Q: 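Structure incoming, see below.
Along the sequence shown, residues are numbered consecutively beginning with 1. For clarity, every value in this text was computed on a predicted model and none was experimentally measured.
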Amino acid sequence: MKTEIVKTGLIFLLAFLTGVNFVVFPALGTAFTDPSVFALSSSQFGSLFLPQVVCIIISCLSAPFLVNRFGPKVILAAGIALMILSTGVLWSLQFFMQDKSLLFPVLMVLVAFTGSGFGLSITTLNPLAASLFKDNPSSAILILQFLVGLGTSASPLMMSIAGDVHHWMYVPGIIVIAVGCSFIAFLFISLPKEKFFELPAQLRIPPKLWLFFGLIVLYGFIEGTFGSFGTIILKGRGLSNSEASLGLSLFWGGIAVNRLLFGIFARKNDLSLIYLLSPIGVGAGIVLLLLLLSGSGWMLSLMFLTGFFMGSIFPGTIGWGTVEFPTLTVMVSGFLMAANQVGTGIVTNVLGHFASRTSFILYGLAILSALICICLFLLKKNSKIKEAF
């Protein structure tokens, strides 16, 4: 019993640390663009994350087959090791920064390693959490995703505490130690290659799973828009720089709070209808943002509520898909993680050309929310959603 508790605690700790490690490069943005430190241009810093998105998609799609072949422990260990390697080399760059001409290509490789490690780790962690709580797989995945989201806020916080950009090396240094210690502990626990992680001998992707994939791509459009252009949208609605930054923080905070509450209460209550109608809440928040012409307090509240209603859609869909396709659990995790990255990757590249047209963007997001709701109700027919929530 104690062994199972330790194993469960370690899996959820690794989820938190995976989130911490994942955003170490964005968190060091001020150091990367500072002329006296890494001296990257703004365009170089923006291009830095293209290999990360590509590698996340590739690793998420390949992870199900790798887990089927080698088992969850080997693939999760490989993912964590890649992130430790990337962050460790990043920390060591403080000793090799004399020739800045080589920094950008080296950073591109390190970001690719981080993306690959994150994709392998998170794709394996989702079904792993579900396997530890077979009676409540959706709740387990929701709480795990809450911890990943909580972890993503830790790296920027550490950089903020470090203060001076010349102290940037403390952030990857602390992360390497924390993840490294957890990795060593992880090597001593057993994760048998049970049927939960096996793929059928003759693999056929059900058409219904493609609909799951499509709706998460649509979700990725909305998350990517707010995540990358949220401050620009709010400034276009008349908010100051500081208010816009606060609005983006409230958006991510709303997502985190929803995932935690949904994960707790879905264990004993039927929350399926709330989950199905949550895109309507997202759309309503977006429409109200569109209609409000003034009032920063109201707009900030709407950012929190929009994020709150979005919170359960992504991890909840992974949990539902895990229940719906019990023989394809790792495939569901990998496909839907990749779908989210496809959506966010497309929107962040396309919206750069429309960043000033905030009303146009918000109209589009409201329509996407309605389409997601329609997709969810189409999937509900003859489904196992009651078992998932």
Q: For the backbone of Ser312 and the side chain of Asn258, can you confirm whether one donor and one acceptor N or O come within less than 3.5 Å of each other?
A: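 Here the side-chain-to-backbone pair exists.
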
Q: Output the distance between atom CG (Leu218) and atom CG (Leu365), rounded to the nearest 0.5 Å.
A: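 Taking CG in Leu218 and CG in Leu365, the distance rounds to 11.0 Å.
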
Q: For Leu379 and Trp320, run side chain to side chain contact (heavy atoms under 4.5 Å, CB included): C-alpha distance rounded to whole Å, both residues' side-chain angles, the deciding distance at 0.1 Å, then the answer.
A: CA-CA 10 Å; Leu379 287 167; Trp320 180 11; 3.5 Å; yes

Q: Does any non-hydrogen side-chain atom of Ser190 lie less than 4.5 Å from one of Lys7?
A: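 A side-chain contact under 4.5 Å exists here.
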
Q: Decide whether Leu371 and Leu209 are clustered together by the hydrophobic rule: side chain heavy atoms of Ile, Leu, Val, Met, Phe, Trp, Tyr closer than 4.5 Å, transitively.
A: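 Shared cluster, yes.
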
Q: Which value, rounded to the nearest 0.5 Å, describes the distance between Phe146 atom CZ and Phe12 atom CZ?
A: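 Phe146 atom CZ to Phe12 atom CZ measures 11.5 Å (nearest 0.5 Å).
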
Q: In terms of heavy-atom contacts, does NZ of Lys208 have more than 12 from other residues, nucleotides or ligands at under 6.0 Å?
A: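 Yes, because the 6.0 Å sphere around NZ of Lys208 holds more than 12 heavy atoms from other groups.
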
Q: Tell me whether Ile177 shares a hydrophobic cluster with Val24, the cluster being built from Ile, Leu, Val, Met, Phe, Trp, Tyr side chains joined at under 4.5 Å.
A: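 No, separate clusters.
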
Q: What's the spacing between Ile11 CD1 and Leu144 CG if we round to 0.5 Å?
A: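 It comes to 9.0 Å.
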
Q: How close do Asn340 and Ile216 get, heavy atom to heavy atom, and via which atoms?
A: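 Where Asn340 meets Ile216 most closely, the heavy atoms are N-CG2, 3.6 Å.
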
Q: Evaluate whether atom CZ of Phe265 has more than 12 neighbouring non-hydrogen atoms of other residues, nucleotides or ligands under 6.0 angstrom away.
A: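 It does not: Phe265 CZ has 12 such atoms or fewer within range.
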
Q: Which is it for Leu211 and Cys375 under the side chain to side chain contact (heavy atoms under 4.5 Å, CB included) test, yes or no, and what are the steps along the way?
A: CA-CA 7 Å; Leu211 186 54; Cys375 288; 4.1 Å; yes

Q: Does atom OH (Tyr363) have a neighbourhood of more than 12 heavy atoms from anything else shown, all under 6.0 Å?
A: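 At most 12 heavy atoms, drawn from other residues, nucleotides or ligands, come within 6.0 Å of this atom.
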
Q: Would you say that Ser59 contacts Thr123 through its side chain, given a criterion of any heavy-atom pair below 4.5 Å between the two side chains?
A: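 The answer is no; the side chains never approach within 4.5 Å.
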
Q: Same hydrophobic cluster for Leu261 and Leu271, using side-chain heavy-atom links shorter than 4.5 Å among ILVMFWY?
A: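 Leu261 clusters together with Leu271.
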
Q: Identify the heavy atoms of Phe183 and Ala77 that sit nearest to each other, and give their distance.
A: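 Looking at all heavy atoms of both residues, the closest pair is CE1-O, 3.5 Å.
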
Q: Should Met83 and Leu17 count as side-chain neighbours, where that means a heavy-atom distance under 4.5 Å?
A: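 Met83 does not reach Leu17 side chain to side chain.
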
Q: Would you say that Lys380 contacts Leu376 through its side chain, given a criterion of any heavy-atom pair below 4.5 Å between the two side chains?
A: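 Answer no - side chains too far apart.
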
Q: Could you grab the distance from atom CG of Asn126 to atom CD1 of Ile318, nearest 0.5 Å is fine?
A: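 It is 4.5 Å, given to the nearest 0.5 Å.
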
Q: Going by heavy atoms in the side chains, are Phe335 and Leu61 under 4.5 Å from each other?
A: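 A side-chain contact under 4.5 Å exists here.
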
Q: Under the side chain to side chain donor-acceptor pair (under 3.5 Å) rule, collect the residues that match up with Thr317, sequence neighbours excluded.
A: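 Side chain to side chain donor-acceptor pair (under 3.5 Å) list for Thr317, sorted by chain: Tyr275.
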
Q: So do Phe251 and Leu234 actually touch side chain to side chain, heavy atoms under 4.5 Å?
A: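 Not touching, per the 4.5 Å side-chain cut-off.
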
Q: Without swapping roles, check the side chain of Lys384 against the backbone of Phe325 for a donor-acceptor pair under 3.5 Å.
A: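 No.
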
Q: Parallel, tilted or perpendicular: which fits the ring planes of Phe213 and Trp210, with parallel below 30° and perpendicular above 60°?
A: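 Perpendicular.
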
Q: How many angstroms lie between atom CD1 of Ile80 and atom CG of Leu85, to the nearest 0.5 angstrom?
A: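 Answer for the CD1-CG pair, Ile80 versus Leu85, is 13.5 Å.
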
Q: Mind jotting down which residue pairs meet the salt bridge (Lys or Arg N to Asp or Glu O under 4.0 Å) criterion with at least one end in residues 115-124? Sequence neighbours excluded, please.
A: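 As it turns out, there is no salt bridge (Lys or Arg N to Asp or Glu O under 4.0 Å) pair with a partner in residues 115-124 once direct neighbours are skipped.
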
Q: Can you tell me if Thr87 uses its side chain to pair, donor with acceptor, with the backbone of Ile84 under 3.5 Å?
A: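 Here the side-chain-to-backbone pair does not exist.
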
Q: Please find the pair of heavy atoms, one from Leu187 and one from Lys73, that lie closest to each other, and give the distance.
A: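 Distance-wise, the nearest heavy atoms are O-NZ, 2.8 Å.
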
Q: Could you check if a side-chain atom of Gln145 sits within less than 4.5 angstrom of a side-chain atom of Ile122, using non-hydrogen atoms only?
A: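 Gln145 vs Ile122: side chains touch.
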
Q: Dump the intermediate steps for side chain to side chain contact (heavy atoms under 4.5 Å, CB included) on Ile361 and Thr225, then the final yes or no.
A: CA-CA 8 Å; Ile361 293 171; Thr225 300; 3.6 Å; yes

Q: With distance as the sole test, does Gln94 use its side chain to make a donor-acceptor pair with the main-chain N or O of Trp91 at under 3.5 Å?
A: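 The answer is yes, because a donor-acceptor pair under 3.5 Å joins these two groups.
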
Q: May I ask you to check whether Trp252 and Phe226 place their ring centers less than 6.0 Å from one another?
A: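 Distance test on ring centres: not under 6.0 Å, no.
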
Q: CG/Leu368 to CD1/Ile222 distance, rounded to the nearest 0.5 angstrom?
A: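 These two atoms lie 5.0 Å from each other.
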
Q: How far apart are the closest heavy atoms of Ala140 and Ala129, and which atoms are they?
A: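 Heavy atoms of Ala140 and Ala129 come nearest at CB-O, 3.5 Å.
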
Q: What pair of heavy atoms forms the shortest contact from Leu362 to Ile286, and how long is it?
A: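 Scanning both residues completely, I find the closest heavy atoms to be O-CG2, 3.2 Å.
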
Q: For Ser182 and Leu10, which heavy atoms make the closest approach, and how far apart are they?
A: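 Scanning both residues, the minimum pair turns out to be O-CD1, 4.0 Å.
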
Q: Do Phe95 and Ile175 sit in the same hydrophobic cluster, where Ile, Leu, Val, Met, Phe, Trp and Tyr count as joined when their side-chain heavy atoms come under 4.5 Å apart?
A: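 Cluster IDs for Phe95 and Ile175 match.
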
Q: Could you list the donor-acceptor pairs under 3.5 angstrom formed between side-chain atoms of residues 102-120 and any protein atom two or more places apart in sequence or on another chain?
A:
{"from": "Thr114", "atom 1": "OG1", "to": "Ser86", "atom 2": "OG", "distance (Å)": "2.7"}
{"from": "Thr114", "atom 1": "OG1", "to": "Leu110", "atom 2": "O", "distance (Å)": "3.2"}
{"from": "Ser116", "atom 1": "OG", "to": "Ala112", "atom 2": "O", "distance (Å)": "3.0"}

Q: Are Phe133 and Leu13 connected in the hydrophobic side-chain network, where two residues link if heavy atoms are under 4.5 Å apart?
A: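 Yes, one cluster joins them.
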
Q: Would you check if Phe25 and Leu90 make a side-chain contact, meaning some heavy-atom pair closer than 4.5 Å?
A: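 Side chain of Phe25 against side chain of Leu90, heavy atoms only: contact under 4.5 Å found.
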
Q: Leu14 and Ser121: side chain to side chain contact (heavy atoms under 4.5 Å, CB included), yes or no, with the steps?
A: CA-CA 9 Å; Leu14 285 172; Ser121 300; over 6 Å; no

